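Data block below; observations after.
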Amino acid sequence: MKISFAKPALPSEGAIVVGVLEGRELTPSAADLDARTGGALTRAMASSRFEGKKEQSLTVMVPVGISASRLVAVGLGKASDLDMSAAQALGGSVVALLAGSGEQEAAVMIDDITDGPVDRTEMAAHAALGATLRSYRFDKYRTKEKPEDKPSLRKLRFLTADPEAAQDAFALLEPVAAAVAFTRDLVSEPANVIHPESFAEAAMTLSEQGVAVEVLGEKQMRKLGMGALLGVGQGSERESQLVVMRWNGASDKKSPPIVFVGKGVTFDSGGISLKPGANMEDMKWDMGGAAVVTGLLRALAARKARVNAVGVVGLVENMPSGTAQRPGDVVTSLSGQTIEVINTDAEGRLVLADALWYAQDRFKPKAMIDLATLTGAIVIALGTEHAGLFSNDDILAGQLLDAGKAVGEPLWRLPLGEGYDKQIKSDIADMQNVGGRDAGSITAAQFLQRFVNKAPWAHLDIAGVTWAKKDTALTPKGSTAFGLRLLDRLVADHFEETGEVRRKAGKKNRKAASSPS
Ligand code: BES
Ligand code: MN
Ligand code: ZN
């Protein structure tokens with residue numbers, strides 16, 4: 001989708017999109033077009049249920065009086081609710097309405113809504129972001145799609161008083177949208193294409209953005225003592241990998257980083273504790289956490305975030321074979337703690353055990369956040385509306401909840417507690433990897449907590465939100481990249497230096513404050 005910004009002018013072809021506020025209150029552009037078309041819009045409204053509410057729309061085809069091929073009214077809801085998310089939803093709904101309509105281009109009128117919370121420049125930029133996110137498609141394997149089944153819409157123009165300013169504002173959002181698409185691609189790829197090594201290769205492309213990328217193979221991990229992660233991958237023909245990505249954007253390159261850790265099970269068959277066949281294909285997206293971490297590092301680097309951030313992803317394929325780990329095996333994790341593997345399908349926590357310990361030990365993080373499609377139980381508890389949040393730090397948990405709300409990727413906090421420890425007691429090792437059916441997501445989080453040492457930490461269980469079965473405002477069905485915009489927002493709000501700090505640091509040490517390499 002080609003996105004551009006221009007000054008308001010009547011387009012001679014394609015669709016024109018105008019906003020209507022709740023109560024059928026026309027925005028200035030809507031009123032202007034209504035007048036030019038001899039009242040077509042008001043007449044169409046009068047004979048429909050369109051009220052200008054959010055998610056409503058109304059199309060007038062080939063209206064007399066203008067040369068554009070259609071006039072589309074989209075409901076904006078109440079003026080006072082027109083925030084950035086509403087602007088994004090607006091852009092998303094324009095794409096949803098017109099993508100397969102036959103139109104090749106559309107112009108969206110962005111008016112000044114006087115009592116709205118954001119100005120029209122921000123409105124235009126966020127509408128463009130929403131349109132970009134919603135127009136994502138993964139179609140590389142469709143070789144026989146008929147032209148009439150392909151999206152027709154190619155160009156989207158946002159018309160606003162100060163297009164240069166809108167373009168500048170969009171330039172700050174666009175890297176995040178590009179990173180979301182990168183993550184969605186990784187997650188959508190089948191497991192014969194994305195396996196631990198090819199995932200690591202994809203992560204290596206982040207060096208183009210200035211991210212330092214290291215890849216550890218099995219030999220190095222064995223030397224370090226990552227018995228928990230390696231045990232999961234030992235049944236696979238593919239070599240397990242651990243990827244470390246570092247973005248040093250803070251003026252003090254040595255200041256402790258915020259660290260993100262991702263579960264990257266490129267395919268989860270369950271291993272010897274084999275999963276049932278139905279829907280097993282879903283387990284290609286069991287690397288969603290790792291893909292979000294990788295995309296996030298790419299976004300932070302691309303927008304030159306003033307933060308030191310590290311991404312660590314544990315990449316394995318969980319397969320049954322003659323070399324696979326057996327139920328009952330005992331593995332020694334990097335932390336030294338031993339784990340009895342009761343169920344080889346509870347593999348994500350084994351991968352994270354070593355990735356988390358490695359991350360906190362090496363980087364001494366300011367905060368450490370992991371993302372994992374960890375448990376089916378979180379889908380039972382929260383469905384697809386919220387991801388699960390677990391944390392040993394109330395401040396960090398609060399910041400994450402706020403960021404999730406702000407970007408429309410909501411979290412719901414669940415408890416940790418010593419009481420749950422008895423469920424993961426083992427008869428022969430320090431712990432076992434499953435805690436029974438009760439509180440399955442909590443015992444998994446409680447297990448992870450044993451590998452974070454004392455770092456301020458949060459765990460996001462994203463099993464219910466990583467893959468969408470239906471279209472939503474900003475996400476076509478399929479891979480969502482849930483968590484990426486949330487964590488980008490968390491960094492921006494709480495972990496990035498302000499311009500002030502940076503200027504001060506620059507005075508002290510001009511060299512250190514120069515643009516990150
Ligand atoms: N990757 C799965 C969890 C999952 C399930 C993600 C459904 C997305 C959708 C995880 O590795 C797993 O198999 N968990 C088991 C744990 C159990 C054996 C304790 C589960 O949730 O059933
Ligand atoms: Mn599993
Ligand atoms: Zn899994």
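Keep in mind that what you see is a predicted model, and the values were worked out from it rather than measured. Each ligand, and each atom within it, is numbered from 1 in the order the structure gives.
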Report task. Please check atom 22 (O) of ligand 1 for a protein heavy-atom neighbour under 4.0 Å. Result -> no

Requested in this report: State, yes or no, whether a side-chain contact exists between V213 and V244 at a heavy-atom distance under 4.5 Å.
Outcome: no

Query raised in the report: Has ligand 1 got any nitrogen or oxygen that is less than 3.5 angstrom from a nitrogen or oxygen of A346?
Result: no

Report summary line: Between R450 and Q337 the two heavy atoms that sit nearest each other are O-NE2, 2.9 Å

Query - Close-contact set for ligand 1 against K263 heavy atoms, below 4.0 Å - result: 1 (N), 10 (C), 11 (O)

**Report entry** Any donor-acceptor pair under 3.5 Å from Q220 side chain to G217 backbone
**Finding:** yes

Report task. Mark the output for L374 as yes if a heavy-atom distance to ligand 1 is under 4.0 Å, and as no if none is. Result -> yes

Requested in this report: Can you pull out the closest protein heavy atom to atom 16 (C) of ligand 1? Residue, atom name and distance to 0.1 Å, please.
Outcome: R349 NH2, 3.9 Å

Query raised in the report: Out of curiosity, is W467 lining ligand 1, as in a heavy atom under 4.0 Å away?
Result: no

Requested in this report: Count, excluding waters, the protein N, O or S atoms that are closer to the Zn ion (ligand 3) than 2.8 Å.
Outcome: 4

Query raised in the report: How is the N/O/S atom of E347 that comes nearest to the Mn ion (ligand 2) named?
Result: OE1

Report task. Would you please determine whether D268 falls within less than 4.0 Å of ligand 1 on a heavy-atom basis? Result -> yes

Query raised in the report: Of all the N, O or S atoms in D268, which one sits nearest to the Mn ion (ligand 2)?
Result: OD2

Query raised in the report: Could you give the distance from CZ (R362) to CG (L224), rounded to the nearest 0.5 Å?
Result: 9.5 Å

**Report entry** Backbone of T480 reached by a side-chain donor or acceptor of T475 within 3.5 Å
**Finding:** no

Requested in this report: Give me the ring orientation class for W412 and H386: parallel if the planes are under 30° apart, tilted from 30 to 60°, perpendicular past 60°.
Outcome: perpendicular

Query raised in the report: Quick one: which ligand 1 atoms are inside 4.0 Å of a heavy atom on T373?
Result: 1 (N), 2 (C), 3 (C), 6 (C)

Query raised in the report: In ligand 1, which numbered atoms sit nearer than 4.0 Å to a non-hydrogen atom of M283?
Result: 1 (N), 6 (C), 7 (C), 8 (C), 9 (C)

**Report entry** atom 20 (C) of ligand 1 - nearest protein heavy atom and its distance
**Finding:** G376 N, 3.8 Å

Report summary line: ligand 1 atoms nearer than 4.0 angstrom to some heavy atom of A463 are 6 (C), 8 (C)

Report task. Answer whether the closest heavy-atom distance between the side chains of K263 and D286 falls below 4.5 Å. Result -> yes

Query raised in the report: Do D286 and ligand 1 have an N or O pair less than 3.5 Å apart?
Result: yes

Query raised in the report: Counting distance only, does the side-chain N/O of W285 pair as donor-acceptor with the main-chain N or O of D282 below 3.5 Å?
Result: yes

Query - Any donor-acceptor N/O pair, Q423 side chain to D438 backbone, under 3.5 Å - result: yes

Report task. Would you check the N or O atoms of D345, main chain and side chain alike, for any that come under 3.5 Å of an N or O of ligand 1? Result -> yes

Query raised in the report: With a 4.0 Å cut-off, would you call D402 and R489 a salt bridge?
Result: no

Report summary line: For E347, the atoms of ligand 1 under 4.0 Å from one of its heavy atoms are 11 (O)

Query raised in the report: Should you measure from each heavy atom of V434, which atoms of ligand 1 turn up under 4.0 Å away?
Result: 19 (C)

Query - Any donor-acceptor pair under 3.5 Å from S441 side chain to T375 backbone - result: no

Report summary line: Checking heavy atoms under 4.0 Å, the part of N343 that sits near ligand 1 is side chain

Report task. For the pair Y358 and F363, name the ring-plane relationship: parallel under 30°, tilted 30 to 60°, perpendicular over 60°. Result -> perpendicular

Query raised in the report: Taking atom types as modelled and ignoring hydrogens, do the side chains of S269 and N318 form a donor-acceptor contact shorter than 3.5 angstrom?
Result: no

Report task. Find the distance between CG (L374) and CG (L460) and round it off to the nearest 0.5 Å. Result -> 11.0 Å

Report task. Return yes if a side-chain donor-acceptor contact under 3.5 Å exists between D185 and Y136, otherwise no. Result -> yes

Query raised in the report: Going by heavy atoms in the side chains, are K470 and T384 under 4.5 Å from each other?
Result: no

Report task. Number the atoms of ligand 1 from 1 as they appear, then name those within less than 4.0 Å of a heavy atom of W285, with their elements. Result -> 8 (C), 9 (C)

Query raised in the report: Any N/O/S of D345 under 2.8 Å from the Mn ion (ligand 2)?
Result: yes

